[in-house]
Amino acid sequence: MKKIIALVLTLVMSLGLLAVSFAEANDQKPVIWFNRQPSNSTTGALDMDALTFNEKTYYVGFDAKQGAELQGQMIVDYLQAGGAAFDRNGDGIIGYVLSIGDIGHNDSIARTRGARKALGTATPDTAQGKTEIATIDDVNPAPIGTNTDGSSSIVKDGAITIDGKEYIVRELASQEMKNSSGATWDAPTAGNAIGIWAADFGDQIDVVVSNNDGMGMAIFNAWSKEAKVPTFGYDANSDAVEAIGDGFGGTISQNADVQAYLTLRTLRNALDGVDIMTGIATPDAAGNCLNDSLYYYDEATRCFYALNGAVTADNYQSFLDATAPNPLFNNQLGEDVAPKAKVWLDIYNSTDNFLNATYKPQLENYDGILNLEVEYIAGDGQTESNITDRLADPSAYAGFAFNMVKTDNANAYLAKLMQ
Ligand code: BGC
Ligand code: CA
């Protein structure tokens, strides 16, 4: 009899526990930030409250500085390999225009800084109290408007030696590509901007630098392909990689496969209550694992960062399909270790090239193998509430992955979980 009572008691207790875990408070569920790092859009300072919202909160992105330095170096290497051909009007100046994505987005800021530092056009970011440039963090990332005469105080003329001859390097123009409704990284805006720049001073433009491929390809298709002006982007979207065969200068892969996997993987691990490095630093039951050359984890800030690689005429053939799953981590997890779970994930802008053409297909590669039923929400790229309004019932989901419109707005999402 005692035994039976004990058994019944254990049963009741475990049922009770189950009930508790099902009714888990929304603010205790896993929260993964991705692509837009919770941070102050003016200073770049990380929003640690958002990053440590609960024990199951992480950020997944990529190493913006390493990638920005790579992009800058890729452009310099290209110029140095190509001889004097780039001074199209023979005035001794290599002129470039720069397409800026979002002046309040860490990735965009880093890329502007990286290009300027590598090309020698950087000035110290006095607004952040910088007086000299030791690293790319010290560079003023502000847009300049136009600077065809070299008089800007935000950038300066740089110098580059090509085939023994010294050229001036000048940022002729730069602009944040934001449309009238407020969408940033806006490719159509970049396509229009190059039309205006080319009409005003087209023969002075020898190189186009873009903070991403979406804007870079808009410029390439509108002008630089025909004008045969090398154009450099970032993201290694399939269309940009393919365009390298047609004269697109190059791009940077931010390893979207790694990021997409990490976004869902951290969600999975947090849900299962297993070590967060499962299937990341150590193989999971199905053999999925990353290798160290692909990412690193900063425990203090709970941020995972994928590493970047340059994609140029030398290697682009092996990057043509940006949506292919990575065989290192594409093995089906058993439902015994990772039971099916429903999660909510938004992509802030339904027209962002990188997120929709590359990142989302990569998420879709891995959602099934991780037994996650993902509800994908597409935002309008302009207003946070357009997205958060669609999270009417957080209790219907076991976890959340958030991609914000603006990096300062983490609270708009977290408020939904605290209601
Ligand atoms: C990508 C951009 C994209 C942006 C969106 C960046 O990491 O490189 O292409 O537009 O994220 O937040
Ligand atoms: Ca020139």
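Start at 1 and go down the list; that is how both ligands and their atoms are numbered.
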Contacting atoms of ligand 1, where contact means under 4.0 angstrom from a heavy atom of Tyr348: 5 (C), 12 (O)
Cation-pi check, Arg265 onto Phe329 ring (under 6.0 Å, within 45° of axis): no
Closest Asp87 atom to the Ca ion (ligand 2) [N, O or S only]: OD1
Residue, atom name and distance, where the atom is the protein heavy atom closest to atom 12 (O) of ligand 1: Asn35 OD1, 2.5 Å
Gln259 and ligand 1 - part of the residue with a heavy-atom distance under 4.0 Å: neither
His105, any N or O under 3.5 Å of ligand 1 N or O: yes
Aromatic ring proximity, centroids under 6.0 angstrom, Tyr359 and Phe34: yes
Vertex the Ca ion (ligand 2), arms to Asp91 OD1 and Ile93 O, rounded to 10°: 90°
Atoms of ligand 1 close to Phe62 [distance to a heavy atom under 4.0 angstrom, numbered from 1]: 7 (O)
Smallest separation among heavy atoms of Ala134 and Lys117, with atom names: O-CE, 3.8 Å
Nitrogen or oxygen of Tyr234 less than 3.5 angstrom from that of ligand 1: no
Short N or O distance, Asp235 and ligand 1, threshold 3.5 Å exclusive: yes
Enclosure of Glu335 CD (heavy-atom neighbours >12, cutoff 6.0 Å): yes
Side-chain touch Tyr58/Tyr297, heavy atoms, less than 4.5 angstrom: yes
Any Met177 heavy atom less than 4.0 Å from ligand 1: no
Under-4.0 Å salt bridge between Glu69 and Lys65: no
Asp352 neighbourhood, listing ligand 1 atoms whose heavy-atom distance to it stays under 4.0 Å: 3 (C), 5 (C), 10 (O)
Any side-chain heavy-atom pair of Phe86 and Tyr167 under 4.5 Å: no
Pair Arg113 + Asp125, salt bridge at N-O below 4.0 Å: yes
Numbered atoms of ligand 1 (with element) below 4.0 Å of Trp185, judged on heavy atoms: 2 (C), 4 (C), 10 (O)
Geometric N/O contact Asp107 with ligand 1, under 3.5 angstrom: yes
The Ca ion (ligand 2) contact by Asp203, N, O or S atom under 3.0 Å: no
Ion pair check, Glu24 and Lys29, cut-off under 4.0 Å: no
Test item: Asn331 side-chain N/O and Ala286 main-chain N/O as donor-acceptor pair under 3.5 Å: yes
The Ca ion (ligand 2) contact by Asn89, N, O or S atom under 3.0 Å: yes
